[in-house]
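Numbers here are sequence positions counted from 1. The structure presented is a predicted model; accordingly, all values stated were derived computationally and were not measured. The basis for the numbers below is simple: all heavy atoms, side chains too, and nothing from hydrogens, waters or symmetry mates.
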Amino acid sequence: YLVATQLHFKRPLGLGDWFVVRTWVDSFRRDGVKIGFEIDRDDNGKRCCDGWAEYTLIDLETRRACPIPEDIRERYSIEQA
């Protein structure tokens, strides 16, 4: 579930404009993840929007946040050299 989000609008995109979206895992919490993103115009590469969103994993029976399984953390983590 979406917990929080922040968007920084820098310039508009119009109907029919093409754009490139980049996303990445920024960080993990015990029961959630923070995803970063950037949206750039395809024709000139200028940044139109960037920001982040935090999501949490929910147990469907209890409707409460639950820990992210270790195999999921490992799959989406970036190894530091």
Does [X] [atom1] have over 12 foreign heavy atoms under 6.0 Å away?
| X | atom1 | answer |
| --- | --- | --- |
| E61 | CD | no |
| R11 | CZ | yes |
| R22 | CZ | yes |

[atom2] on [Y] to [atom1] on [X], rounded to 0.5 Å:
| X | Y | atom1 | atom2 | result |
| --- | --- | --- | --- | --- |
| D43 | D17 | CG | CG | 7.0 Å |
| R73 | R30 | CZ | CZ | 9.0 Å |
| R41 | L13 | CZ | CG | 6.0 Å |
| K10 | I39 | NZ | CD1 | 11.5 Å |
| E74 | I68 | CD | CD1 | 13.0 Å |

Transitively linked via ILVMFWY side-chain contacts under 4.5 Å: L2 with V33?
yes
Do V21 and V25 share a hydrophobic cluster, counting only Ile, Leu, Val, Met, Phe, Trp and Tyr and linking them when any side-chain heavy atoms are less than 4.5 Å apart?
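As far as the 4.5 Å side-chain criterion goes, V25 and V21 are not connected within one cluster.
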Do the side chain of T56 and the main chain of D31 share a donor and acceptor less than 3.5 angstrom apart?
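Looks like yes, one N/O pair under 3.5 Å.
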Given side chains that start at C-beta, do those of [X] and [Y] come closer than 4.5 Å, heavy atoms only?
| X | Y | result |
| --- | --- | --- |
| Y55 | I35 | yes |
| R63 | Y1 | yes |
| D50 | E38 | yes |

Given side-chain contact (heavy atoms from CB on, under 4.5 Å), test D59 with R64 step by step and report yes or no.
CA-CA 6 Å; D59 181 308; R64 293 186 169 261; 5.6 Å; no
Which heavy atom of [X] sits nearest a heavy atom of [Y], and at what distance?
| X | Y | result |
| --- | --- | --- |
| E54 | W52 | CG-CZ3, 3.8 Å |
| C48 | P12 | SG-O, 4.3 Å |
| L57 | P67 | CD2-O, 3.7 Å |
| I72 | F28 | O-CZ, 4.4 Å |

Let me see the working for F37 and C49 under side-chain contact (heavy atoms from CB on, under 4.5 Å), right down to the final yes or no.
CA-CA 8 Å; F37 68 88; C49 181; 3.9 Å; yes
